[in-house]
Student: 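One structure coming up, written as structure tokens, with questions to follow.
Every chain is numbered from 1 and lettered A, B, ... according to where its sequence line falls, protein lines coming before strand lines.
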2 protein chains.
Amino acid sequence: MTVETSADMPVNPLILKLEAFHALSEADKELLTRLSTTSRTVGPREDLIREGDPPERVYLILEGFACRYKILPDGSRHIMAYMVPGDLCDLHVFILKTMDHSIGTLSACEVVDLPRAQVMEMIERPAIARALWWSGLVDGATLREWLVNIGARSAEERVAHLLCELLVRLRLVGLATEDRYELPITQNELGDTMGLSTVHVNRVLQRLRAEGLIIFKSQKLVILKVAELMAFSGFNPNYLHLESRRTLYAARG
Amino acid sequence: MTVETSADMPVNPLILKLEAFHALSEADKELLTRLSTTSRTVGPREDLIREGDPPERVYLILEGFACRYKILPDGSRHIMAYMVPGDLCDLHVFILKTMDHSIGTLSACEVVDLPRAQVMEMIERPAIARALWWSGLVDGATLREWLVNIGARSAEERVAHLLCELLVRLRLVGLATEDRYELPITQNELGDTMGLSTVHVNRVLQRLRAEGLIIFKSQKLVILKVAELMAFSGFNPNYLHLESRRTLYAARG
DNA sequence: CCCAATCTTTCACATGGGTTAATTTCGCGG
DNA sequence: CCGCGAAATTAACCCATGTGAAAGATTGGG
């Protein structure tokens, strides 16, 4: 029920992420640590909230991958965003009456449920409010980049672009090194994300492997040529609005 | 320089739009009217702000169509959002150092430039703040729906879905009747929006015409069978979060 | 250590949509 | 009313990606 805390903290991914925008005071960090003390374990492929439900809380992912998705009338699923450790779903949802999409886990996750009152508590701290504000803007920018990715790039570029984005995002929270990370996602899920069939995702991955760009096996991804993969996919991290050098290039772990 | 104001006001599209969420007081409406008094005319295909520029103001569209777009390394353009009268670009941009995309007009537009101070003035009014908050959430939801649209629907469904969305959005601000509106957009721009070639957009429009679903000529769109077009494209307006009946079905003009 | 379910991979074949380029139509200034 | 540039339309060709089905490979539970 509680995430381990050891001497060599902070491992709170929310703090790591927000500090990529601007340093936080000790008091602010303590607040965030306190609010994320009580987490729960959610199995893979479980919904946190479904389309049509009233949004009652905000979710913070501490471990694992979750996603936003919609199911279309014909039963197909489209994944619109990945939520990785440190990601918080939209703070503003409270004013909407119902969810227009679902949020569910991909892998098993550690999730913190933040009721309205706790969200308010966070927002009262100006530095945290600003950082969360930034984080929300980055989420929006990421969504736009995904739109461009699907709308304007070939299947191979698309997948490559996603792998680059995740490299940068996961580095932020210490879950990627310079060139590798755990990607607990099936090819089917990748397909539902990129608007490609599972079969074609497989073909694309084979090609990226054959070109010596990546190794992807047992949920472990190694990017053999980071610069090349970024160039090939047209990846430009500007939309992630990471201003400090550290956030982009310092590897942790 | 100034938009005409007549006795039979309000025609301020921002007020019309925000009141779709919740009624505003007279004082709030006066503030919004005052802030949108000074507009400028911008010709078609002109940029309001470019990728890389620091965001210094917020734009409000009073007339015409504008869009957010990105240019890819290979020179192709992808349009990520349409901004129609009453739409405001993101209020929060100020905390970002640079724009990660451009905003430009499609048709000629009347645009209000809102510097930071005026945005603050708006946000200090709780009812306006809430309404703008809602508006921002709807923009995000719209972006997600566009992602699904491009990622999971056929070309014909995609275009049909866009036409349905615009019908609802334009009705909100009195620019569409029950079944028709002005759509000042070329097939090439439609293609850059939907991730389709111009040629294919043309084929799709022909088919929609042949099926007796629409008439589209000289920038004037008539949807002959609204319910059918919505059903065909899988259009569900829930993502626009319009709670009052009026906003969805009352035609103006 | 084995089984069953889940994933990945492969194959053969179908097709939606891209490309290039020529032709026609439209909108508009002079 | 004419002429020009932009936009729409048409045609021919083809390739990227989808589909359906089945064969391997992995993984985790018992």
Student: Pick the closest DNA chain D nucleotide for A/Ser218 and for A/Arg203 by heavy atoms, then say which residue is nearer the 5' end.
Tutor: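 First, find each residue's nearest nucleotide; the 5'-ward one identifies A/Arg203.
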
Student: Go through A/Arg40 and A/Glu110 one step at a time and tell me if the salt bridge (Lys or Arg N to Asp or Glu O under 4.0 Å) criterion holds.
Tutor: CA-CA 6 Å; A/Arg40 63 190 163 108; A/Glu110 276 297 309; over 6 Å; no

Student: With heavy atoms of chain B within less than 4.0 Å as the criterion, where does contact along DNA chain D begin and end?
Tutor: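 Result: D/dA7 to D/dA12.
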
Student: Please determine whether salt bridge (Lys or Arg N to Asp or Glu O under 4.0 Å) holds for the pair B/Lys225 and B/Glu211, giving the CA-CA distance in whole Å, both sets of side-chain angles, and the decisive distance to 0.1 Å.
Tutor: CA-CA 10 Å; B/Lys225 299 175 182 170; B/Glu211 287 157 17; over 6 Å; no

Student: Hey, is CZ on B/Arg207 packed in by over 12 heavy atoms from elsewhere, all under 6.0 Å?
Tutor: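 More than 12 heavy atoms, drawn from other residues, nucleotides or ligands, come within 6.0 Å of this atom.
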
Student: May I ask you to verify if any side-chain N or O of A/Thr198 is less than 4.0 angstrom from the OP1 or OP2 atom of C/dC7?
Tutor: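 Answer no for this pair, as no side-chain N or O of A/Thr198 is under 4.0 Å from OP1 or OP2.
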
Student: Could you walk me through whether B/Arg171 and B/Glu178 pass the salt bridge (Lys or Arg N to Asp or Glu O under 4.0 Å) check?
Tutor: CA-CA 8 Å; B/Arg171 271 181 194 167; B/Glu178 196 58 31; 3.5 Å; yes

Student: What do the steps show when you test A/Arg169 against A/Leu175 for side chain to side chain contact (heavy atoms under 4.5 Å, CB included), and what is the final call?
Tutor: CA-CA 9 Å; A/Arg169 287 172 59 186; A/Leu175 292 173; over 6 Å; no

Student: Is A/Arg153 reaching over with its side chain to a backbone N or O of A/Val148, donor-acceptor style, under 3.5 angstrom?
Tutor: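 Judged by distance alone, no pair lies under 3.5 Å.
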
Student: Can you pull out the residues from residues 180-196 of chain A that lie within a 4.0 Å heavy-atom distance of DNA chain D?
Tutor: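 Heavy-atom contacts with DNA chain D come from A/Gly195, A/Leu196.
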
Student: Provide, to the nearest angstrom, the distance between the CD atom belonging to A/Gln219 and the P atom belonging to C/dC7.
Tutor: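 Roughly 9 Å, once rounded to whole Å.
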
Student: For A/Gly43, does its backbone N or O pair with a side-chain atom of A/Thr105 as donor and acceptor, under 3.5 Å?
Tutor: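 Yes: the side chain of A/Thr105 pairs with the backbone of A/Gly43.
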
Student: Assess the pair A/Tyr239 and A/Trp146: is the distance between their ring centroids shorter than 6.0 Å?
Tutor: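 When the ring centroids of A/Tyr239 and A/Trp146 are compared, they turn out to be at least 6.0 Å apart.
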
Student: Check step by step if side chain to side chain contact (heavy atoms under 4.5 Å, CB included) holds for A/Leu60 and A/Leu62.
Tutor: CA-CA 6 Å; A/Leu60 164 63; A/Leu62 291 183; 4.0 Å; yes

Student: Could you check how far CG of A/Asn202 sits from C1' of C/dT8, rounded to whole Å?
Tutor: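 It is 6 Å, rounded to the nearest whole Å.
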
Student: Would you find a donor on one side and an acceptor on the other, under 3.5 Å apart, between the side chain of B/Ser76 and the backbone of B/Leu72?
Tutor: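 The answer is no, because no donor-acceptor pair under 3.5 Å joins these two groups.
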
Student: In whole angstrom, what separates B/Gln206's CD from C/dG16's P?
Tutor: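 B/Gln206 atom CD is separated from C/dG16 atom P by 17 Å.
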
Student: Go through residues 155-167 of chain A and report each residue with a non-hydrogen atom lying under 4.0 Å from DNA chain D, sorted by number.
Tutor: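 Close to the strand are A/Ala155.
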
Student: Answer with base, sugar-phosphate or nothing: what part of the nucleic acid does B/Arg153 contact at a heavy-atom distance below 4.0 Å?
Tutor: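 Counting heavy atoms under 4.0 Å across all strands, no contact is made by B/Arg153.
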
Student: For B/Arg209, which contact category applies under a 4.0 Å heavy-atom criterion: base, sugar-phosphate, or nothing?
Tutor: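 The residue B/Arg209 makes sugar-phosphate contact but no base contact.
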
Student: I'd like to know if the side chain of B/Ser102 and the backbone of B/Glu51 have a donor-acceptor N/O pair within less than 3.5 Å.
Tutor: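 Looks like yes, one N/O pair under 3.5 Å.
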
